Amino acid sequence: MSDAPAGPPGASGARGASGVPGASDGSGASGEAGDTPAPLAARARLLPALAAVYRAQLSRARVARIPLLFVATFQSVGIMILMRGVVDGGSEARSVVAGSSVLVVAFVALNLLAQYFGQLRASGGLDHYATLPVPPAAVVLGAAAAYASFTVPGTAVTAVMGSALFQLPMAHLWILLAVIPLSGAALAGLGAALGLLAPRQELATLCGQLGMSAALLLGVLPAARMPQAVSYARDLLPSTYGVEALARAFDGQPDWWAICADLGVCAGVAVVSLAAATWAYRRAAVR
């Protein structure tokens, strides 16, 4: 007669080597199924994630679109009217119109984007994006593209009004199709990096304002009237090459090789600045 308590039929077969009902000795299927974690969803690809972030940012900022376009355009047109009393025409007029047009891009892509990412970091909004299965580059590129999209109407209006004000030819204004996205990408990457690297929101706002002031002074004022030391600083500003490309397009016979070289520099700076902004986003998101 055994001292072991009687159990339900099959109970002894359900006991594993450890003596616990339902446990397996490693050869059963139930133990393997319980120890294997469920597979995670695949990480979103760059282009679909970029499109999703772009649409979300575009709809979020749509409420402030009209005041934003008005302020940026009114500022640039007012600067051209003021400069009309100082500059009569020639290469200086081309520089003023080109610089004022690209200034609309700098106001939005550099100044406002630096403030946006500074505010996002200060308020903890980066935590929301960090939990999404999207690449960091998609967050930076999507926000940059959305803000740069608002510059298209204002830049076009400023270029047309400036051409009429200074009696410049408009035949090659289609070059804006290349100047706006390349200058916008370069300045947006710089603005995002400044906003993400600034330790405080107030410093991000200050950096954005200083960057826009640099684009105003170094882009709108004719380069021939600047001191040599200031000219070196002008060469370091990403928007300078977009200004030069647009100013050359106002010539009767534009130097297309020089325009392509300026746009190539803009594209290279855009890649570097957006890569720096992506790195800054990763650095800020893990803190």
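Computed from a prediction, not measured in an experiment: that's the story for all the values here.
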Next on the checklist: When you group the ILVMFWY residues by side-chain heavy-atom contacts below 4.5 Å and let the links chain together, are Val272 and Val140 in the same group?
Outcome noted: no
Next on the checklist: The criterion is side chain to side chain donor-acceptor pair (under 3.5 Å); which residues satisfy it with Ser163, sequence neighbours excluded?
Outcome noted: none
Checklist entry - So, Thr205 side chain and Gln201 main chain: donor-acceptor pair closer than 3.5 Å or not? => result yes
Checklist entry - Which heavy atom in Ala214 sits nearest to a heavy atom in Leu237, and how many Å separate them? => result O-CD2, 3.7 Å
Next on the checklist: Show the nearest heavy-atom pair for residues Ala245 and Leu263, with the distance to one decimal.
Outcome noted: CB-CD2, 3.9 Å
Next on the checklist: Less than 4.5 Å apart, side chain to side chain, heavy atoms only: is that true for Asp235 and Tyr241?
Outcome noted: yes
Checklist entry - Step by step, would you call Val108 with Leu113 a side chain to side chain contact (heavy atoms under 4.5 Å, CB included)? => result CA-CA 7 Å; Val108 178; Leu113 197 59; over 6 Å; no
Checklist outcome for this item: Between Ala277 and Gly189 the two heavy atoms that sit nearest each other are CB-O, 3.5 Å
Checklist entry - Checking Thr278 side chain against Ala137 main chain: does a donor-acceptor pair fall under 3.5 Å? => result no
Item to check | Geometric class of the His172/Trp174 ring pair [parallel <30°, tilted 30-60°, perpendicular >60°] | outcome: perpendicular
Checklist entry - CD1 of Ile180 to OG of Ser183: how many Å apart, nearest 0.5 Å? => result 8.5 Å
Checklist outcome for this item: When every non-hydrogen atom of Ala156 is compared with those of Leu176, the smallest separation belongs to CA-CD1, 4.1 Å
Item to check | Members besides Leu197 in its Ile/Leu/Val/Met/Phe/Trp/Tyr cluster (side-chain heavy atoms under 4.5 Å) | outcome: Trp279
Checklist entry - What are the two closest non-hydrogen atoms of Ala204 and Ala114, and how far apart are they? => result CB-O, 3.7 Å
Item to check | Under the side-chain contact (heavy atoms from CB on, under 4.5 Å) test, residues paired with Val77 that sit two or more places apart | outcome: Thr73, Met80, Ile81, Thr158, Met161
Item to check | Candidate pair Glu244 and Arg234, rule side chain to side chain contact (heavy atoms under 4.5 Å, CB included), full reasoning | outcome: CA-CA 11 Å; Glu244 291 293 334; Arg234 183 175 183 270; 2.8 Å; yes
Next on the checklist: Please determine whether side chain to side chain contact (heavy atoms under 4.5 Å, CB included) holds for the pair Leu246 and Phe250, giving the CA-CA distance in whole Å, both sets of side-chain angles, and the decisive distance to 0.1 Å.
Outcome noted: CA-CA 7 Å; Leu246 182 57; Phe250 286 123; 4.1 Å; yes
Checklist outcome for this item: Sorted by chain and residue number, the side-chain contact (heavy atoms from CB on, under 4.5 Å) partners of Leu196 (sequence neighbours excluded) come out as Phe117, Leu126, Ala280, Tyr281, Ala284
Checklist outcome for this item: Taken to the nearest 0.5 Å, the spacing of Leu216 CG from Ser100 OG works out to 8.0 Å
Next on the checklist: Is it true that Tyr54 and Ser149 share a donor-acceptor pair across their side chains at a distance under 3.5 Å?
Outcome noted: yes
Checklist outcome for this item: Note: Ile259 and Ala249 closest approach over all heavy atoms is CD1-N, 4.0 Å
Next on the checklist: Let me confirm one number: the CG-OG distance from Leu110 to Ser213, rounded to the nearest 0.5 Å.
Outcome noted: 9.5 Å
Item to check | Any side-chain heavy-atom pair of Thr240 and Val243 under 4.5 Å | outcome: no
Checklist entry - What pairs meet the side chain to side chain donor-acceptor pair (under 3.5 Å) rule with one or both residues in residues 247-273, with sequence neighbours excluded? => result Arg94-Asp251, Arg248-Asp262
Item to check | Nearest-0.5 Å distance, CE of residue Met212 to CG of residue Leu217 | outcome: 9.5 Å
Item to check | Leu221 vs Met83, side chain to side chain contact (heavy atoms under 4.5 Å, CB included): CA-CA, chis, key distance, verdict | outcome: CA-CA 9 Å; Leu221 297 179; Met83 294 297 295; 4.2 Å; yes
Next on the checklist: Could you see if Val87 belongs to whatever hydrophobic cluster contains Val102? Use Ile, Leu, Val, Met, Phe, Trp, Tyr and a side-chain cutoff under 4.5 Å.
Outcome noted: yes
Next on the checklist: Starting from Val157, can I reach Met170 by hopping between I/L/V/M/F/W/Y residues whose side chains sit under 4.5 Å apart?
Outcome noted: yes
Checklist entry - Would Leu218 and Val104 show up in the same hydrophobic cluster when neighbours are defined by side-chain heavy atoms closer than 4.5 Å? => result no
Next on the checklist: With rounding to the nearest 0.5 angstrom, report the CD to CG distance, Gln209 to Leu194.
Outcome noted: 12.5 Å
Checklist entry - Is Val105 linked to Val220 within one hydrophobic cluster, defined over Ile, Leu, Val, Met, Phe, Trp and Tyr using a side-chain heavy-atom separation of less than 4.5 Å? => result no
Next on the checklist: Rounded to the nearest 0.5 Å, what separates atom CD in Glu202 from atom SG in Cys207?
Outcome noted: 11.5 Å
Next on the checklist: Applying side-chain contact (heavy atoms from CB on, under 4.5 Å), can you list everything that pairs with Ala185, at least two apart in sequence or on another chain?
Outcome noted: Ala270, Leu274
Next on the checklist: Between Thr151 and Tyr147 (side chain of the first, backbone of the second, donor and acceptor by atom type, cut-off under 3.5 Å), is there such a pair?
Outcome noted: no
Item to check | Atom CZ of Arg84 with >12 non-hydrogen neighbours under 6.0 angstrom | outcome: yes
